[in-house]
Amino acid sequence: MKKIAIVGAGPGGLAAGLLLASKGHSVTIYEKDNVIGGRSKRLKVGDYMFSQGPSFIVYLSAFRKLFEKAGLDFDALVPMKRLDPIYELNTPNHPWQLSGDFETLVKQVEDKFGEGDAYRAFMERETIIFEAMQEVMYRPFNKTTDLLQGNMAEFGKYVGLSSIRKKIKKRFKAPLLKDSMQFQSKYLGMTPDETPGFFTILSYLEHVEGIYHIEGGVPALLDVMAEEFKKMGGEIKTAHPVDKVITEGKKATGLIVKGKPIKADIVVVNADVPTMVETLIPSENQKKYTPKKMAKKGYSVSAYMLYLGLKEKLDWPVHTLLLSSDYEGYTKDLKKNKILSDDMSMYLYHPSIVDDSFAPKGHSSLMVLVPVPNTASGINWDLEEDAYKAKIYKRLQERLGFDVSQIEVEKPFTPVDWEKTGIYRGATFALKHTLLQLLHFRPHNAYQDVDDLYLVGGSTHPGSGLPIIFQSAIISAELIEKKHL
Ligand SMILES: Cc1cc2nc3c(=O)[nH]c(=O)nc-3n(C[C@H](O)[C@H](O)[C@H](O)COP(=O)(O)OP(=O)(O)OC[C@H]3O[C@@H](n4cnc5c(N)ncnc54)[C@H](O)[C@@H]3O)c2cc1C
């Protein structure tokens with residue numbers, strides 16, 4: 001049995017905790033906040049509840065695999081429902097609610113755009129790509145030779161240098177249909193023309209495998225994980241900020257927590273990697289990754305958030321993607337990471353339509369997420385925020401008939417606020433997922449500069465997003481088991 005200290009009780013830290021505690025290790029998670037969850041924590045504002053970040057649940061097999069590897073039954077512990085429609089794509093003249101049943105969706109595509117056959121063929125090919133990717137998602141890329149192992153040859157066939165935008169443009173004609181398979185680059189905080197083409201598997205996951213709603217949202221899932229972790233003997237210490245990783249030579253030997261040294265055989269870090277390099281890694285251990293080198297890497301955009309409690313019951317679906325009038329122009333603006341676009345896209349999460357725990361009866365809980373430049377842009381939110389918020393409300397009113405007078409509670413959250421939580425540059429979706437920042441080129445699960453220090457979370461392999469973060473925890477926990485048992 002090893003003594004393992006985990007920095008952070010975000011989804012990555014909790015997942016690693018579950019896996020390691022289930023193997024009988026003595027595991028303690030130190031979390032700087034008063035609550036667990038990190039970017040996925042529960043927000044309570046007045047009588048309304050929100051999930052601070054994640055809301056889309058796709059790729060259920062990765063959730064199931066995490067629970068199964070910890071000896072737990074995901075379906076028994078986490079009540080959820082499959083959504084139909086999966087979401088509304090809202091453009092100025094053409095709102096489209098995409099069916100949650102794939103055969104019906106193919107028919108919608110045929111009836112609306114006359115491209116049903118091409119769409120079905122595309123999704124059939126995506127199924128093969130998705131299968132080929134599985135092996136790559138569950139193993140480490142710690143050595144250059146890992147790039148030649150396993151399923152890489154098969155996976156490599158599909159990677160290519162094409163972007164999502166180019167890949168989709170070749171296959172489809174109707175602009176809205178194309179948007180339905182490229183807006184997902186938003187989840188990576190990137191634009192379709194910089195996102196590698198194989199990420200079209202995100203639309204495959206939504207359109208074919210479906211989108212789910214977990215009762216109580218993602219915070220409820222994290223509560224279950226924390227409870228099961230504690231039942232296995234794990235300990236979570238909230239309000240315990242970690243000041244430093246202790247090293248002896250190249251080896252991690254513990255943590256300094258609230259000024260006190262704590263010994264550990266193994267350290268797992270869930271904090272954002274560039275912030276970890278800047279604040280937690282002793283300077284003598286900064287070799288491959290230094291603050292200066294981290295500053296040169298590519299980071300995702302940020303998100304301006306509005307958490308709204310409404311006096312009225314909206315009839316909107318759970319998820320709405322309100323797309324810019326000129327989506328391509330908007331994403332070009334976003335890529336420059338400099339200005340706040342007036343023709344913004346936004347994502348609306350309205351869980352109270354299917355889940356009473358989010359708002360009082362007859363009321364609505366609404367999260368508005370607007371992708372915006374990260375803090376490297378130098379945008380002064382103190383000066384810009386009020387005017388930008390007014391533009392967002394105006395757009396919501398024009399497109400969806402939103403009535404501002406129904407707002408009972410309002411909690412905004414800017415890129416600067418995200419940065420204050422420890423997210424480097426407020427880049428909410430982590431290091432960019434470009435080819436040169438993926439696989440072997442992303443900070444390794446077994447951290448290169450410090451032995452017995454492992455990474456979990458969005459800035460290590462395989463990348464950002466809940467199921468992918470769970471995969472990083474599976475990889476790191478298996479590396480620990482392999483080396484230390
Ligand atoms: C607005 C938004 C919407 C999103 N939507 C989705 C979605 O719909 N679906 C999806 O799958 N994913 C989504 N994501 C992505 C996903 O939520 C995040 O990638 C995920 O929460 C990140 O998890 P993590 O474990 O990597 O890190 P975090 O959630 O950031 O957790 C890190 C934890 O470490 C703690 N910590 C940091 N430093 C220290 C320290 N020194 N001492 C102690 N504790 C420390 C932090 O307080 C935090 O609790 C979204 C993200 C955001 C921001």
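It should be emphasised that the depicted structure is a prediction, and the values quoted were computed from it without experimental measurement. Start at 1 and go down the list; that is how both ligands and their atoms are numbered.
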Exercise. Determine, stepwise, if the pair K65 / E68 fulfils salt bridge (Lys or Arg N to Asp or Glu O under 4.0 Å).
Key: CA-CA 5 Å; K65 182 156 309 218; E68 190 188 303; over 6 Å; no
Quiz item: Residues two or more places apart in sequence or in another chain: which of them pass side chain to side chain donor-acceptor pair (under 3.5 Å) with Q437?
Solution: none
Quiz item: Quick one: ring pair (Phe, Tyr, Trp, His ring centres under 6.0 Å) partners of F102, sequence neighbours excluded?
Solution: Y119
Quiz item: What pairs meet the salt bridge (charged side-chain N to carboxylate O under 4.0 Å, His left out) rule with one or both residues in residues 341-351, with sequence neighbours excluded?
Solution: D342-K391, D343-R395
Quiz item: Can you list, by chain and residue number, every protein residue with a non-hydrogen atom closer than 4.0 Å to ligand 1?
Solution: V7, G8, G10, P11, G12, Y30, E31, K32, G37, G38, R39, S40, G53, P54, S55, F56, H240, P241, V242, N270, A271, L280, M305, L369, W418, T428, F429, G457, G458, S464, G465, L466, P467, I469
Quiz prompt | Proximity of F413 and F50 rings by center, below 6.0 Å | solution = no
Quiz item: Under 6.0 Å between the ring centres of Y347 and F56?
Solution: yes
